[in-house]
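The structure under discussion appears below in the form of structure tokens.
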Amino acid sequence: MNKVILMGRLTRDPDVRYSQGENPLAIARYTLAVDRRFSRRDNGDGQQTADFISCKAFGKAGEFAEKYFHKGTKICVTGRIETGSYTNKDGVKVYTTEVVVEDQEFAESKNSSGQGDYSQPAASGSAAPVAAADGFMNIPDGIDEELPFN
């Protein structure tokens, strides 16, 4: 089985190109900075280190990355590892490892990443829920309705 799950931040905006032909296909390439659980001992300062992992997304996933992903965005990716090799112009064989994205999603709200504010003040006298700083809706006091599920 070849399955990868990553959570990290984009190191730069995705590089998106389109294939040639009658139905061009979006191909987005981006790099995720994924924090390691433990710091390296030889680091000396005890700071957490990160791995920089190359990812590529095709089709609709590539178009989504082009439209919504930007440098610093925290995302969660699932996919598979793909290895390859090529010979560069100096005649040296170069080995590559990339994650082919099967699914990608935001790992934090815009509000918590500092890129937006979802909260809107409720109209005076209104009991409408308002988004809290953690992205969840606050339910006003005095609502005695049953939950819509069991």
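Computed from a predicted structure; not experimentally measured. In what follows, residues are counted from 1 in the order of the sequence shown.
A distance of 10.5 Å separates NZ in Lys67 from NZ in Lys60, rounded to the nearest 0.5 Å. Arg9 CZ to Asp35 CG: the interatomic distance, rounded to the nearest 0.5 Å, is 9.0 Å. To the nearest 0.5 angstrom, Ile27 atom CD1 is 9.5 Å from Arg17 atom CZ. Atoms OG1 and NZ, from Thr31 and Lys71 in turn, are 12.0 Å apart once rounded to the nearest 0.5 Å.
The two atoms that bring Glu105 and Asp103 nearest to each other are OE1-OD2, 3.7 Å, heavy atoms only. Closest approach of Ala26 and Gly62 over heavy atoms only: CB-C, 4.2 Å. Counting all heavy atoms, side chain and backbone alike, Gln104 lies closest to Ala57 at OE1-CB, 4.1 Å. The heavy-atom pair separating Arg12 from Arg29 by the smallest distance is NH1-O, 4.1 Å. Looking at every heavy atom in both residues, Ser85 comes nearest to Lys93 through OG-CE, 3.3 Å. Contact between Ser19 and Pro24 at its shortest, heavy atoms only, is O-CB, 3.3 Å.
In this structure Phe58 satisfies the ring-ring contact (aromatic ring centres under 6.0 Å, His included) test with no other residue, sequence neighbours excluded. Checked against side-chain hydrogen bond (donor to acceptor under 3.5 Å, both in side chains), Glu102 has no partners two or more places apart in sequence or in another chain. Scored by the side-chain hydrogen bond (donor to acceptor under 3.5 Å, both in side chains) test, Asp13 finds no partners at all (sequence neighbours excluded).
The residues Glu108 and Lys74 are annotated as not salt-bridged, no charged nitrogen and carboxylate oxygen being separated by less than 4.0 angstrom.
Its side chain within the 4.5 Å cluster rule, Val16 clusters with Tyr18 among the Ile, Leu, Val, Met, Phe, Trp and Tyr residues. Residue Tyr68 shares its hydrophobic cluster (ILVMFWY side chains chained together at separations under 4.5 Å) with Val4, Leu6, Leu10, Tyr30, Leu32, Val34, Ile53, Phe64, Phe69, Ile75, Val77, Ile81, Val99, Val101, Phe106. Applying the under-4.5 Å side-chain rule to Ile, Leu, Val, Met, Phe, Trp and Tyr, the cluster around Val92 consists of that residue alone.
Two residues are said to be in side-chain contact when any heavy atoms from C-beta on lie closer than 4.5 Å; Glu66 and Pro14 fail this criterion.
Here the side chain of Thr11 pairs no donor or acceptor atom with the backbone of Ala33 at under 3.5 angstrom.
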